[in-house]
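Have a look at the structure below before the remarks.
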Amino acid sequence: MEELNQFHPSSECIVVDDGSSDHSRDLLRQNFPAVRLIERGCNQGFSSAANAGIRAARHERLLLLNNDVEVLPGFLEHLHLVFEERPNTFAVASLQKQTLTDGTVALDGFNAVRWRAGLLDLNNRTADVMAGQDLSLGYCTAGCSLFSREKLLAVGGFCELFDPFYYEDVELSLQAARRGWRLAFAPKSVVEHRHGSTTRKKPWKMKIVPSRNYFFLHWLVLAGRSAWGPHLLALVLHILKWLLQGRLVLLFGLLQALARIPELAKERRRRGCGAVLAVTDVLLAQES
C-alpha cells in the first residue's frame, strides 16, 4: 500500500480472497479499511480469482501481485515507464529474486518460449538476460507484472480452464502476442518471490494439473497444419515414451485435457478472435 500511494495517490488496491480459511479478511478490514475486498465463497483457482479483480478494477494499468510476493521500493515506477515509452505494450514483468535455503539468490521473471519439434518449450532465461544476452521475452508472469486492463479484457482475461493454477499466464501472453501487442521485462523493477507458498494442494493434483494445463496451452494457441501436424506427431511419440517409462501422471493429465475438449473448443474460438498471427510465427520471429 505504501509503495502504491507514493507512486500514484489516486490508485486503488483490490484484494481477492479466494475462499481463505484463516482470518485474512478480518485482518484486512481492521488494518486496511481502504482496501477493496472481493470475497469468494470457495477456492476456485488463480484465473477466476484474477478475473474477478480485473473486472472490478477502475484504472487502465493493472498490477497483479500474488500474496507470496514482496515488492522492493521503486518497483512500480520502472514498470510504468515501459508503458509510457511503448503504448502498444500488453504487459511488463518484474525481476523476481528468491533466496534459497543455502543462501544463494535465484533469479526469475524473464521466460522464453520456443517451438521445438511440435511442442512449446519454456525456459527461465533471467540470468542470461541479466548477464547481457539479447533474448526475446515469451511471457509475463501473472503474479508480479503490470498489465493493460483494456487489452486484458480484449483477450478475455485469464482462461479459467487453467484453474486452479499453472500455464494461464503463458497462454494469455501468447494470445496477446498473436494480436501484435508487446511483452516487456523491467529488470530494475525488483520483487522478492517465495515460490510455492500459496499452492498447498495434494501431491497428485500438483502433478496432474500442470500436465493437463500444458496440453490446454497448446490446444488454445496452435493454429494451422504447420503447427498441428508436428504437435500431433509429438503427442504420439511422447505417449509411447511415457508408457514405456511408466509416467502415468502425464497420461492422466492428457486424459483430463481430452475430457474437456468441448469447453476448450469454445474458449479457443472466443480467445482467438482478433489474432493476426499464428503463435509459431510469433515464436519464429522472436528467434530471428
Side-chain angles (χ1 to χ4, degrees), residues 16-21 40-54 64-69 93 96 98 106 108-109 111-113 116 118-124 138-145 152 155-175 193-222 231-232 234-235 238-239 241-243 245-268 270-271 279:
V16 180
D17 182 89
D18 194 31
S20 66
S21 57
R40 292 156 60 82
C42 61
N43 179 265
Q44 293 177 291
F46 179 87
S47 291
S48 53
N51 285 342
I54 292 166
L64 295 184
L65 204 64
N66 276 357
N67 60 351
D68 59 357
V69 173
Q96 303 170 37
Q98 180 185 20
D108 203 345
N111 298 284
V113 181
R116 293 287 184 266
L119 295 172
L120 296 170
D121 180 33
L122 283 58
N123 288 285
N124 176 8
Y139 68 94
C140 291
T141 305
C144 51
S145 295
L152 257 175
V155 174
F158 289 92
C159 178
E160 296 181 11
L161 284 176
F162 289 98
D163 279 344
F165 42 65
Y166 288 128
Y167 293 114
E168 61 281 304
D169 46 6
V170 186
E171 189 267 347
L172 179 72
S173 296
L174 291 177
Q175 296 289 14
H193 193 183
R194 299 174 183 88
H195 287 276
S197 61
T198 59
T199 52
R200 305 187 187 283
K201 302 291 182 180
K202 295 179 180 179
W204 68 267
K205 195 170 187 179
M206 285 289 290
K207 294 177 181 179
I208 294 178
V209 168
S211 174
R212 180 203 68 183
N213 286 359
Y214 184 62
F215 298 119
F216 281 165
L217 169 64
H218 286 80
W219 302 345
L220 283 166
V221 301
L222 293 184
H231 176 66
L232 293 175
L235 277 186
H238 277 75
I239 288 170
K241 182 172 71 173
W242 297 335
L243 286 170
Q245 295 175 345
R247 301 175 69 182
L248 298 182
V249 67
L250 297 173
L251 291 175
F252 289 148
L254 177 59
L255 290 174
Q256 285 193 5
L258 290 170
R260 301 186 70 178
I261 284 290
E263 297 171 76
L264 187 137
K266 182 179 178 180
E267 280 292 288
R268 177 182 168 83
R270 185 174 69 90
R271 298 176 70 79
V279 70

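Quick caveat, the model's predicted, so the values are computed rather than measured. The residues of the chain are indexed from 1 along the displayed sequence.
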Sub-4.5 Å side-chain heavy-atom contact between Trp242 and Val249: no
Leu235 CG to Leu119 CG distance, which is reported to the nearest 0.5 Å: 6.5 Å
Answer whether the closest heavy-atom distance between the side chains of Ile208 and Leu250 falls below 4.5 Å. no
Would you give the length of the straight line joining atom CG of Leu64 to atom OG of Ser145, rounded to the nearest 0.5 angstrom? 7.5 Å
Spatial distance of atom CD (Gln256) from atom CG (Asn213) [nearest 0.5 Å]: 9.0 Å
For His218 and Leu120 the tightest heavy-atom approach is NE2-N, 2.8 Å
Flag the pair Cys159 / Leu220 as yes when at least one side-chain heavy-atom distance between them is below 4.5 Å, and no otherwise. yes
When you check the side-chain N and O atoms of Asp108 and His193, is any donor under 3.5 Å from an acceptor? no
Between atom CG of Asn67 and atom CG of Asp17, what is the distance when rounded to the nearest 0.5 Å? 9.5 Å
Heavy atoms, side chains only, cut-off 4.5 Å: are Val209 and Phe165 in contact? yes
Is the shortest side-chain N to carboxylate O distance from Arg40 to Asp18 below 4.0 Å? yes
If you apply the rule side chain to side chain contact (heavy atoms under 4.5 Å, CB included), what do you find for Leu243 with Leu251, and how did you get there? CA-CA 8 Å; Leu243 286 170; Leu251 291 175; 3.4 Å; yes
State, yes or no, whether a side-chain contact exists between His231 and Trp219 at a heavy-atom distance under 4.5 Å. yes
Is it true that Arg260 and Glu263 make a salt bridge, defined as a side-chain N closer than 4.0 Å to a carboxylate O? yes
Begin from the C-alpha positions of Phe158 and Ile54 and carry the test side chain to side chain contact (heavy atoms under 4.5 Å, CB included) through to its verdict. CA-CA 10 Å; Phe158 289 92; Ile54 292 166; 3.9 Å; yes
Between Asp163 and Ser48, a side-chain donor and acceptor under 3.5 Å: yes
Could you tell me whether a side-chain N or O of Asn51 sits under 3.5 Å from a main-chain N or O of Gly157, the two making a donor and an acceptor? no
Does Val221 offer a backbone N or O that forms a donor-acceptor pair with the side chain of Arg271 under 3.5 Å? no
Checking the side chain of Glu171 only, and the main-chain atoms of Asp169 only, is there a donor and an acceptor separated by less than 3.5 Å? no
Is the side chain of Ser173 donor-acceptor paired with the backbone N or O of Cys140 at a distance under 3.5 Å, no angle test? yes
Inter-residue atom distance Gln96.CD - Asn111.CG, 0.5 Å rounding: 7.5 Å
So Tyr167 and Tyr214, would you call those rings parallel, tilted or perpendicular, with 30° and 60° as cut-offs? tilted
Exercise: identify the closest heavy-atom pair between Val69 and Cys144: CG1-CB, 4.3 Å
At their closest point, which heavy atom of Glu168 faces which heavy atom of Ser47, and how far apart are they? CB-OG, 3.3 Å
Distance check, rounded to the nearest 0.5 Å: Ile261 atom CD1 versus Phe216 atom CZ? 8.0 Å
